[in-house]
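Worksheet: one structure, shown below.
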Amino acid sequence: MASNFLDIVRGFPARLRVDGAGKQSMEIARHRLVVGGLLFAVCFAVVAVRLVDVTLMSEAREPRQARVPHTGPLDLSRADIVDRNGVLLATSLVTQSLYANPRLIADPAEAARRLAGVLPGLDEKTLRDRLSGENRSFVWIRRNLTPRQQFAVNRLGIPGLFFQREERRVYPHGNLMAHIVGFADVDNRGLAGVEQGFDERLKTSNEPLRLSLDVRVQHAVREELQRAIDDFRAIGGMSILIEVETGEVAAMVSLPDFDPNAPGLAEADARFNRNTLGTYEMGSTFKMFTAAMGFDYGAVRMTDTWDASRPYQIGRFTISDFKGKNRWLSTPEVFIYSSNLGALRMSLQVGPNRQRDFMDRLGFLKPSPVELPEIGHPLIPRPWREINMLTISFGHGLSVSPIQLAAAASASVGGGVYRAPTILARETDTAVAGERVMSQRASDQLNQLMRLNVERGSGRTADVPGYFVGGKTGTAEKVQSGGGYKKNARISSFVASFPAHRPRYVLLVMVDEPQGRRDTGGYATGGVVAAPTAGRIIARVAPILGVPPMDDLPVDLTRPLLAAANLR
């Protein structure tokens with residue numbers, strides 16, 4: 001049978017046999033390609049199904065490494081701080097902090113070298129030692145990285161490095177509000193200023209904390225105060241602007257200051273808030289309180305005259321006037337010539353007990369109630385003897401803080417009502433009730449003297465056309481730490497009110513250890529240094545505060561005093 005089949009095949013033509021074999025091979029190849037294609041299609045289908053399962057179906061079952069970032073509001077642990085107009089003073093930014101697990105670092109020396117190259121300020125040797133610790137599983141490398149720094153670290157690709165989400169407190173205005181806003185540490189704990197004083201409130205509330213200060217006003221005050229410090233080569237200065245009817249502080253500047261974004265780089269003197277923590281003998285600015293006290297007790301009248309013809313001797317102390325008139329002075333003259341002798345004789349008509357009570361009513365005998373943790377305690381004489389009464393009448397022997405002085409001045413010119421100073425914005429612009437500390441009549445009489453002093457006395461350089469400034473100068477010698485007074489070291493100051501007939505604002509300017517200049521005759525008194533600074537500040541901030549200029553005062557404050565003051 002087989003031989004017959006072979007015989008038959010041999011009988012076919014050769015060409016027919018070849019064509020049949022080729023066709024068979026092509027069919028086999030075609031079937032193999034189809035099978036291979038089907039296998040590839042099945043594989044791709046399996047992969048596609050798995051991808052769909054991973055991306056769409058298994059979100060609840062498996063963790064995912066990449067997620068679309070949440071675009072809603074960030075859950076920050078500390079509320080913002082804003083000025084009275086809503087301008088941002090302090091806020092928190094989400095940052096990433098870098099840490100390492102030394103057990104996962106294969107080459108600590110190489111890791112330290114590469115990290116120091118992208119994170120300026122890292123000490124390579126110290127970092128290498130920390131990363132070499134075999135028993136450690138956690139080491140901070142750098143807190144609060146910038147996005148650029150985080151990207152640079154990621155590019156290094158070093159195993160064992162990790163990022164932790166944190167917050168960083170940021171102060172957009174830098175030095176401008178440093179002493180008021182303060183600062184927080186890397187763990188978001190308030191360490192100074194409002195950040196410390198309202199730490200719990202800032203941690204538990206989502207609403208911004210609104211302060212009474214105005215960034216625009218603060219900038220103008222700081223600029224003019226710095227100008228005075230530079231012009232008279234002073235070591236520092238302080239200034240406070242307070243609204244009379246509410247007690248709100250619109251500006252508070254202490255120089256030198258610091259950047260709260262980097263408080264660790266600041267010197268101790270720069271971090272010291274001179275306005276609330278410092279206490280000073282205030283010099284002749286206190287004569288405004290002596291006059292008000294005399295008016296309130298009925299012990300002083302505008303028509304009274306006072307013996308300033310010769311120095312006053314008490315025990316081993318001799319009290320005299322600076323560039324005195326050496327004659328009897330009327331009440332207005334005592335004020336505008338800033339007579340120590342006239343002021344002490346007014347206090348003799350009042351007595352030490354009533355003087356102490358009056359100073360207590362003005363808030364001088366207890367720390368200021370302003371809402372900051374940095375509050376100085378007044379230095380009060382104990383017992384309050386006659387010699388203390390005499391020196392306090394012209395501003396020596398009682399040390400108080402500038403915020404105490406500003407609040408007392410505001411009460412004295414503001415109708416005799418004391419309103420606690422505040423750095424928090426009031427809910428409304430209506431007047432705060434406060435506590436009456438002197439009569440309206442005594443306050444009105446003081447305003448007359450304040451305006452007369454700017455028109456005719458030591459405060460002439462503070463006058464601003466259209467705003468009718470009232471004021472009182474002061475020049476006080478500085479007390480040494482061991483007692484006594486420093487030689488050629490003084491604080492020059494000026495208390496201003498405007499407009500004088502019904503003051504809306506009180507401004508205090510103090511310059512610490514100014515040096516005399518040739519064009520001032522070598523003088524660096526309150527009238528030479530602080531008064532013109534106050535005038536420049538008022539000219540800049542009054543329009544911002546909405547105080548309109550006037551052609552004339554509705555009442556004539558000074559004309560009735562001219563005859564009594566022997567002035568024409």
Side-chain angles (χ1 to χ4, degrees), residues 54-55 59 62-82 88-175 178 181-192 195 199 202-203 206 208 258-266:
V54 169
T55 57
E59 181 174 349
E62 297 184 13
R64 296 174 61 185
Q65 298 299 316
R67 297 288 301 274
V68 177
H70 179 58
T71 57
L74 292 171
D75 183 20
L76 299 176
S77 62
R78 200 170 184 85
D80 292 342
I81 303 173
V82 299
L88 196 63
L89 304 179
T91 190
S92 296
L93 297 180
V94 174
T95 63
Q96 297 293 333
S97 291
L98 178 64
Y99 68 95
N101 183 344
R103 296 175 180 176
L104 303 179
I105 303 292
D107 188 342
E110 177 65 12
R113 183 187 66 80
R114 297 176 67 189
L115 284 169
V118 298
L119 298 177
L122 279 182
D123 183 84
E124 183 179 339
K125 182 180 183 302
T126 301
L127 181 59
R128 182 178 66 246
D129 294 341
R130 296 178 68 198
L131 294 179
S132 300
E134 296 181 356
N135 297 324
R136 296 180 181 179
S137 60
F138 181 93
V139 171
W140 279 120
I141 296 177
R142 173 68 61 84
R143 308 287 291 273
N144 300 132
L145 271 64
T146 66
R148 189 183 299 275
Q149 289 173 329
Q150 183 185 6
F151 178 75
V153 171
N154 271 326
R155 288 189 62 186
L156 297 178
I158 301 174
L161 300 181
F162 305 93
F163 293 99
Q164 171 67 46
R165 179 191 183 278
E166 293 194 299
E167 295 175 18
R168 179 182 180 183
R169 203 63 168 165
V170 177
Y171 306 95
H173 294 277
N175 297 41
V181 174
F183 55 88
D185 64 9
V186 293
D187 295 313
N188 264 344
R189 294 174 299 187
L191 298 183
E195 292 278 29
D199 188 54
L202 292 167
K203 287 180 178 178
N206 292 323
F258 65 98
D259 185 356
N261 294 295
L265 301 179

Closest approach of G160 to L104 (non-hydrogen atoms, all atoms of both residues): CA-CB, 3.8 Å
Heavy-atom side-chain contact between Y171 and L89 under 4.5 Å: no
Minimum heavy-atom distance A178-P260, with the two atoms named: CB-CD, 3.9 Å
Set of residues satisfying ring-ring contact (aromatic ring centres under 6.0 Å, His included) with respect to F162, sequence neighbours excluded: Y99
For D129, salt bridge (Lys or Arg N to Asp or Glu O under 4.0 Å) partners two or more places apart: K125
Minimum heavy-atom distance between D80 and L202, given as atom pair plus value: O-CD2, 4.1 Å
Criterion side chain to side chain contact (heavy atoms under 4.5 Å, CB included) on L115 and L98, from CA distance to verdict: CA-CA 11 Å; L115 284 169; L98 178 64; 4.1 Å; yes
For the student: nearest non-hydrogen atoms of L131 and P102, plus distance: O-CB, 3.3 Å
Distance, nearest 0.5 Å, that separates CG of N261 from CZ of R168: 6.5 Å
Non-hydrogen side-chain atoms of R128 and R113 separated by less than 4.5 Å: no
Rounded distance [0.5 Å steps], CD in E124 versus CG in L119: 12.0 Å
Main-chain N/O of N144 paired with S97 side-chain donor or acceptor, under 3.5 Å: yes
Greater than 12 external heavy atoms within 6.0 Å of F151's CZ: no
Salt bridge (Lys or Arg N to Asp or Glu O under 4.0 Å) partners for R143, two or more places apart: E166, D187
Student check: side-chain heavy atoms of D259 and L265 closer than 4.5 Å: no
Non-hydrogen side-chain atoms of L161 and I105 separated by less than 4.5 Å: yes
Verdict with reasoning, R189 to K203, per side chain to side chain contact (heavy atoms under 4.5 Å, CB included): CA-CA 9 Å; R189 294 174 299 187; K203 287 180 178 178; 4.2 Å; yes
Least distance between heavy atoms, N188 atom then R78 atom: O-NH1, 3.0 Å
Backbone N/O of W140 and side chain of R130: donor-acceptor pair under 3.5 Å: yes
Nearest non-hydrogen partners of L88 and H173, listed with the distance: O-CD2, 3.2 Å
Side chains of T95 and L145 in contact at under 4.5 Å (non-hydrogen atoms): no
Min side-chain heavy-atom separation R136-R103 under 4.5 Å: no
